[in-house]
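Presented below is the structure to which this report refers.
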Protein chains: 2
Amino acid sequence: MLQSEPQHECAWNEALTERQQDVLDAVLALMVEQGGEFSMTDVARRASCSKETLYKWFGDRDGLLAATVRWQASKVRAGNYYSQHLDTAALRESLQNFGANWLTVISSSTSIALNRVAVSHAASGKSNLGQIVLANGRFAIGERLKPLLEAGRKAGLLDFEDTETAFRTFFGLVGRDVQIRLLLGDELTLTRAEIARDAERATSQFLALFGGSTNA
Amino acid sequence: MLQSEPQHECAWNEALTERQQDVLDAVLALMVEQGGEFSMTDVARRASCSKETLYKWFGDRDGLLAATVRWQASKVRAGNYYSQHLDTAALRESLQNFGANWLTVISSSTSIALNRVAVSHAASGKSNLGQIVLANGRFAIGERLKPLLEAGRKAGLLDFEDTETAFRTFFGLVGRDVQIRLLLGDELTLTRAEIARDAERATSQFLALFGGSTNA
DNA sequence: CTCAAGCCGTACCGTACGTTACGGTTCGGT
DNA sequence: ACCGAACCGTAACGTACGGTACGGCTTGAG
């Protein structure tokens, strides 16, 4: 009523009812279980709600998908604070944490299912699901990592020209072929230990490439 | 008749009729134009053939998709020969060529559309499209690049323990976030010059990490 | 010329799904 | 106790699409 939108009430930035969150969690569960393919009837049954309610709350199928993606994104935000005093060890540890965090996220079944849905949707053009996923994934961690990189540079621990380029290199060193392989259905199980080791290796390589005078 | 398969005649490894190749090219064109979403009727209309023929040749929709993926893969195979005598310059150039080639492939609209279809299909589980794409993409270039890496190691130009790990690092340095961004619909146009520059940078970084005694 | 095979175009069938509509139930407010 | 809003469960509708059937056209062999 407050907008010109006559149909659904959810404006995607206002708070979600607990019941609505339950519904979106049901969608996430369905995505994971059925591999991204599900009907509105499936959602209604799984969430024990009526389809009428789904349409009233989320407008249409795309609205439900977008709300689900945003909901998941809102749950993932992990604080990545780094100590005010930045020395080599602290920088290294922060980078490792970032890397391990990112690997954990992209190898989770939720992320895989969500990215698959977004990729499929990006194919059909008329959607911004891919943009939402990118904004809350790739670009979000970029914006969270860049301050650390620049702090490292200011402290003389890192040496690079363009922050974006440095970040993308780190991104590549951490992710390598993991995400595309998982999205394409490759059986690739990353244990916690492997993730830690990969993050460590990527950090060492990054520091070898961009480390200032003193690096390991 | 020669196999126990009663329905379609195409065994996926035998030669394709020119007409059949035309049909598969039509599928590729549709994938690019419509972003991976198309119906069998679309294919028939675009290829000026009957649906009956499509089903006789390719069995069902999945068969048509698989044949299309294989067909495209068979067109992409580029020879990556490197000189018998391998010095630093030759190694560097070969790596750059590999990188530029790979970036060109993954940023092509055909590859994007094909990967989107494969990702969508991998979601639904019961398919091996993702495996086919992986085998002809990620793993194929791995098998083609590894001999070069090992030749470089034997010549004392590279230093690494595990070839697979070294390759995956190169893969990450080259691809970075490009493929996932493109699959998710990010507008990211790579000019030939940018690709060359990225391949150059990735190669330099790789040599800096794995270069033996002498590196740039 | 005849005939059979292969193929095109199109109509058709069954189903799955998005979307809507509706009757029945719960529940908070008065 | 009464009312209306919200919501559940389900039925129904329209459509899109995968897959099949069929009539007609071309073509090449005998």
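When reading the values below, keep in mind they use all heavy atoms of this one structure, side chains included, and skip hydrogens, waters and symmetry mates. Letters A, B, ... are given to chains in the order of the sequence lines, protein chains preceding strands, and every chain is numbered from 1.
- Across residues 21-32 of chain A, not one residue has a non-hydrogen atom less than 4.0 Å from an atom of DNA chain D.
- Across the protein-nucleic acid pair, A:L65 atom CG and C:dG18 atom P stand 10 Å apart, rounded to whole Å.
- Nucleotide C:dC7 holds its C1' atom 11 Å from the CG atom of B:L54, rounded to whole Å.
- Listed by chain and residue number, A:D198 satisfy the salt bridge (charged side-chain N to carboxylate O under 4.0 Å, His left out) test with A:R176 (two or more places apart in sequence, or in another chain).
- The salt bridge (Lys or Arg N to Asp or Glu O under 4.0 Å) analysis of residues 188-197 of chain A, with sequence neighbours excluded, yields no pairs.
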Its contact letters, B for base, S for sugar-phosphate only and - for none at protein heavy atoms under 4.0 Å, make nucleotides 19-26 of chain D read BBBB----
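- Atom pair B:F58:CZ and C:dC7:C1' shows a separation of 14 Å (rounding to whole Å applied).
- Residues forming a salt bridge (charged side-chain N to carboxylate O under 4.0 Å, His left out) with B:R138 (at least two apart in sequence, or on another chain): A:D177, B:E164.
- Listed pair B:W57 / C:dC7 meets the phosphate criterion, a side-chain N or O lying under 4.0 Å from OP1 or OP2.
- Residues passing the side-chain contact (heavy atoms from CB on, under 4.5 Å) test with B:A29, sequence neighbours excluded: B:E33, B:R46.
- Atom CZ in A:R19 sits roughly 12 Å away from atom C1' in D:dA6 (whole-Å rounding).
- Here C:dG9 presents its C1' atom at 15 Å from CG of B:D42, a figure rounded to the nearest Å.
- A:R45 comes within 4.0 angstrom of no nucleic acid atom, judged by non-hydrogen atoms across all strands.
- Residue pairs meeting the ring pair (Phe, Tyr, Trp, His ring centres under 6.0 Å) criterion with at least one partner in residues 101-128 of chain A, sequence neighbours excluded, are A:W102-A:F171.
- Side-chain atoms of B:R201 and A:T165 include no donor-acceptor pair closer than 3.5 Å.
- Regarding B:E37, its CD atom lies at a distance of 11 Å from the P atom of D:dG18, rounded to whole Å.
- Partners of B:E161 according to the salt bridge (charged side-chain N to carboxylate O under 4.0 Å, His left out) rule, which considers only residues two or more places apart in sequence or in another chain, do not exist here.
- For A:E150, the CD atom is densely surrounded, since the number of other residues' heavy atoms within 6.0 Å is greater than 12.
- Taking A:R45 as the reference, A:D42 meet the salt bridge (charged side-chain N to carboxylate O under 4.0 Å, His left out) condition, with sequence neighbours excluded.
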